[in-house]
Amino acid sequence: MRTRFAPSPTGPLHFGSVRTALFAWLAARASGGQFVLRIEDTDQERYLEDSEALIMETLLWLGLTWDEGPEVGGSHGPYVQSQRTAIYREHAERLVTGGAAYWCTCSPERLTEMRERQRAASEPTRYDRHCLAIQDEVRRQRDELVPAVLRQRIEPGRTRWDDVVRGEISFDNADIDDQVLLKSDGFPTYHLAVVVDDHLMDITDVIRSDEWIPSTPKHLGLYQAFGWAPPRFAHVPPVLGEDRLKLSKRRGARNVLEYGELGYLAAAIVNAMALLGWSSGTEQELFTPAELVERFSLDRVHDSAAVFDPKRLDSLNGQHIRRLSVEELVEQLEFWLLGTSKETRRRLVPLLQERMVVMRDATSLAAPLLGDAPWDDDVVFPPRKVDGDTAIALLDTACAEVESGGLDDLTAMRERLTALLDSHGVKARDGFRVLYIAILGRAQGVPVFDAMAFIGVEVSVRRLRAARARLEL
RNA sequence: GCCCGCAUCGUCUAGCGGUCAGGACACCACCCUUUCAAGGUGGUAACCGGGGUUCGACUCCCCGUGCGGGUACCA
């Protein structure tokens, strides 16, 4: 199987477009075939600088490597459509010769008016073939350099295909427009380019978003006109935002790379994307990319739109983080715990790992251990259910404990402090909040005894005393 | 307007004529517990509506409704 991802360089990739790329990649990898990356830059007006690099960076980050395409090359290149214009021109000629395409010099104004008329008459809007009837005249106009487009001549009949995810779909050709194949600037439209390229690049399975369903009959018509066997088509459902609208750049869908900056793991993103429209059929929901490759198949792709749920991503990301080995996490955390040594991170990981949803959480969780622990603005101290006397006694005792080597045996120290709280009639769960606030600056965070062991005797004592001082005021 | 597609808990989904309609996320409760998490246990929660077909429909067919997409010299 050979599949491809063919984005147009009109901006960064969002969750929905990458999900489609992922399905194409998984299908190729699952079959042991190839995955091709092709840049569809036939629209010069919408071209956006840097998007090509951004697209590749995104794919690479997620591990969606391509066997052929920009950067890596391949035997079916070039892989950028703007470098293939001669190929399209040549194929367009073949269509003209075979009678499957014709030139049209209709003005945009006439076209607009025509469509309005059709709409008013409850007819489908499609080209009325005005120019087809006067080809001699059109030829003369073209000689005089009147701008012209090449149109596909749609044959009467019915077009049907067996879509890999949708099943049979069919269209009455009477509803299909005589599609523009070559624009007046000489560039091909998507429709011509995609068919020529998919065929020339030996793509066996066209996996694309379902917004292409209505233009598939045109593509099928082109395959027929060229005398080529069409590929299989798999139209995958769209990914919707929480507003139930399709994710799009225009509506501010987030650039996938931003998830990396937020601290999401590539593996978790891939996992979450795969679950949007695909399921394994088993109850397993946590997958590594390798496991996905093993299990994926196009025929298990669901056929209705999926709303992207960020909470689900969070959950998956937390699970992937917990699946990481200590060494892997130590490695990955370098960026989030800047300036720390590997050894330091090794000591931190056990305290952080099960508390992280995104990598970025490590930064705030570890902050009181790596630097100062300024008190949270709305911290209540002493906390509820703990009277001042008890708090003072606990702080003083803890201080003494720490100074006399209590950090060498955390369990024993904890037990003695628990006993102290007991004697004051305060529950450990309430009383120890005093310690959390003193050491971490707030009542939640990494286990406080481990935190004290990490920051050491001197810093622990200083923080305990500072907290104690607040109670005397 | 015309064409196409889709329809199971709030969300992602399993289901492919006979199930107490299963799982995950989220939510709630409890357990564990030095906080927060993590983990464990349990719970609330769904087949869009109407007709058929059938001994029997979430499952098949039709209609309606809703939603999505297309309808460009954009992809």
Side-chain angles (χ1 to χ4, degrees), chain A residues 6-10 40-43 45-46 104 106 108 111-112 115-116 118-126 147-151 163 166 169-172 174-177 179-187 189-191 193-194 208-217 235 237-238 240 242 244-246 272 275-286 302-316 318-319 322 352-357 361 365 383 410 414 417-418 421 427-433 435-437 440 442-451:
Chain A
S8 50
T10 54
E40 311 219 320
D41 58 348
T42 52
D43 184 0
E45 288 180 20
R46 293 206 309 161
C104 166
C106 286
L111 261 18
T112 306
R115 290 183 190 117
E116 276 165 10
Q118 290 166 339
R119 186 182 277 255
S122 292
E123 289 169 15
T125 53
R126 32 81 159 123
V149 299
L150 187 69
R151 284 185 184 276
D163 198 276
R166 309 296 177 134
I169 302 179
S170 79
F171 284 80
D172 183 342
D175 294 320
I176 302 167
D177 202 4
Q179 182 61 47
V180 169
L181 262 18
L182 241 33
K183 303 181 228 178
S184 55
D185 65 1
F187 270 79
T189 57
Y190 171 83
H191 306 284
V194 75
R208 64 193 353 174
S209 155
D210 74 353
E211 70 205 36
W212 295 108
I213 288 176
S215 40
T216 303
H235 288 99
L240 275 27
E242 281 167 297
R244 298 207 134 266
L245 259 27
K246 199 175 157 212
L275 259 23
L276 241 33
W278 173 85
S279 75
S280 68
T282 69
E283 292 196 342
Q284 182 179 356
E285 314 234 346
L286 189 66
H302 199 251
D303 44 16
S304 62
V307 175
F308 169 56
D309 180 7
K311 294 261 187 59
R312 188 83 186 280
L313 209 211
D314 281 348
S315 163
L316 252 11
Q319 293 181 67
R322 271 167 254 132
L352 307 179
Q353 189 160 23
E354 65 193 22
R355 267 164 269 267
M356 296 164 61
V357 170
D361 293 338
L365 244 16
L410 265 20
R414 191 197 72 219
L417 292 176
T418 304
L421 288 170
K427 280 193 210 143
R429 56 181 305 116
D430 297 323
F432 282 138
R433 300 181 85 85
L435 256 26
Y436 276 89
I437 294 166
L440 304 177
R442 48 187 182 151
Q444 321 69 12
V446 299
V448 74
F449 294 101
D450 294 300

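Only heavy atoms go into these numbers, but all of them, side chains included; no hydrogens, no water, no symmetry mates. All chains are named by letter (A, B, ...) in the order of the sequence lines, taking the proteins before the strands, and each is independently numbered beginning at 1.
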Pairwise C1' distance for B:G50 and B:C9, with rounding to whole Å = 23 Å

Whole angstrom value for the distance that separates P of B:G5 from CG of A:Asp303 = 12 Å

ask   = Relative to the 5' end of RNA chain B, which residue comes earlier, A:Gly445 or A:Trp278, by the nucleotide with the nearest heavy atom?
value = A:Trp278

task = Let me know the distance between CG of A:Asp163 and C1' of B:G5, rounded to the nearest Å.
result = 10 Å

note = Residue set satisfying side-chain contact (heavy atoms from CB on, under 4.5 Å) with A:Asp177, at least two apart, ordered chain then number -> A:Arg126, A:Tyr127

Nearest-Å distance once atom P is located in both B:C73 and B:A14 = 38 Å

request  = Check whether any side-chain N or O of A:Arg322 sits under 4.0 Å from OP1 or OP2 of B:A37, and answer yes or no.
outcome  = no

remark   = Under a 3.5 Å limit on both distances, the Watson-Crick or wobble mate of B:C30 is B:G40

message = Distance check, C1' atoms only: B:U11 and B:A57, in whole angstrom units.
response = 27 Å

Separation of the C1' atoms in B:G42 and B:U34, to the nearest angstrom = 26 Å

task = Return the value, rounded to whole Å, for the distance between atom CG of A:Leu352 and atom C1' of B:U35.
result = 15 Å

message = With no hydrogens and no angle check, just 3.5 Å: does a side-chain donor-acceptor pair link A:Glu211 and A:Ser209?
response = yes

inquiry  = Measuring only the P atom in each nucleotide, how far is B:C27 from B:A38? A whole number of Å is fine.
reply    = 10 Å

key: Residues forming a side chain to side chain donor-acceptor pair (under 3.5 Å) with A:Glu285, sequence neighbours excluded   = A:Arg312

Under 3.5 Å on both distances, the Watson-Crick or G-U partner of B:A24 = B:U11

query = Which parts of nucleotides 70-75 of chain B does protein reach within less than 4.0 Å, heavy atoms only, written one letter per nucleotide 5' to 3' as B for base, S for sugar-phosphate only and - for none?
reply = SSSBBB

Whole angstrom value for the distance that separates P of B:G23 from CG of A:Leu316 = 18 Å

inquiry  = Could you work out, with salt bridge (Lys or Arg N to Asp or Glu O under 4.0 Å) as the rule, every residue matching A:Arg442, not counting sequence neighbours?
reply    = none

query = Does A:Arg115 have any side chain to side chain donor-acceptor pair (under 3.5 Å) partners at least two apart in sequence or in another chain, and if so, which?
reply = none

Partners meeting side-chain contact (heavy atoms from CB on, under 4.5 Å) with A:Ala451 (sequence neighbours left out) = A:Leu369, A:Ile439, A:Leu440, A:Val446

request  = Spell out protein contact along nucleotides 25-33 of chain B as letters: B when the base is contacted, S when just the sugar-phosphate is, - when no protein heavy atom is under 4.0 Å; keep the 5' to 3' order.
outcome  = SS------B

query = B:C63 and B:U71: how far apart are their P atoms, nearest whole angstrom?
reply = 26 Å

request  = Let me know the distance between CG of A:Leu275 and P of B:A14, rounded to the nearest Å.
outcome  = 10 Å

ask   = When rounded to the nearest Å, what value does the distance between P atoms of B:C36 and B:A29 take?
value = 13 Å

ring-ring contact (aromatic ring centres under 6.0 Å, His included) partners of A:Phe187, counting only residues at least two apart = none

ask   = Considering Watson-Crick and G-U wobble pairs with both distances under 3.5 Å, what does B:C6 pair with?
value = B:G66

ask   = Any idea how A:His191 and A:Trp212 line up, ring-wise: parallel (<30°), tilted (30 to 60°), or perpendicular (>60°)?
value = perpendicular

note = Taken in chain and number order and not counting sequence neighbours, the residues that satisfy side chain to side chain donor-acceptor pair (under 3.5 Å) with A:Ser304 are A:His302

task = In whole angstrom, give me the gap between the C1' atoms of B:G22 and B:C58.
result = 13 Å

query = Going 5' to 3' along nucleotides 41-48 of chain B, which nucleotides have protein heavy atoms under 4.0 Å from the base (write B), which only from the sugar-phosphate (write S), and which from neither (write -)?
reply = --------

task = For the pair A:Phe308 and A:Leu313, evaluate side chain to side chain contact (heavy atoms under 4.5 Å, CB included) and give the outcome as yes or no after the intermediate values.
result = CA-CA 9 Å; A:Phe308 169 56; A:Leu313 209 211; 4.1 Å; yes

With sequence neighbours excluded, residues passing side-chain contact (heavy atoms from CB on, under 4.5 Å) with A:Pro147 = A:Ser184

request  = Please determine if a side-chain N or O atom of A:Arg355 lies less than 4.0 Å away from the OP1 or OP2 oxygen of B:U35.
outcome  = no

message = Taking side chain to side chain donor-acceptor pair (under 3.5 Å) as the definition, give me every residue that meets it alongside A:Ser315, ordered by chain and number, with sequence neighbours left out.
response = A:Gln319

note = Atom CG of A:Leu286 and atom P of B:G39 are separated, to the nearest Å, by 11 Å

ask   = Just how far, in rounded Å, is P of B:U35 from CD of A:Glu354?
value = 13 Å

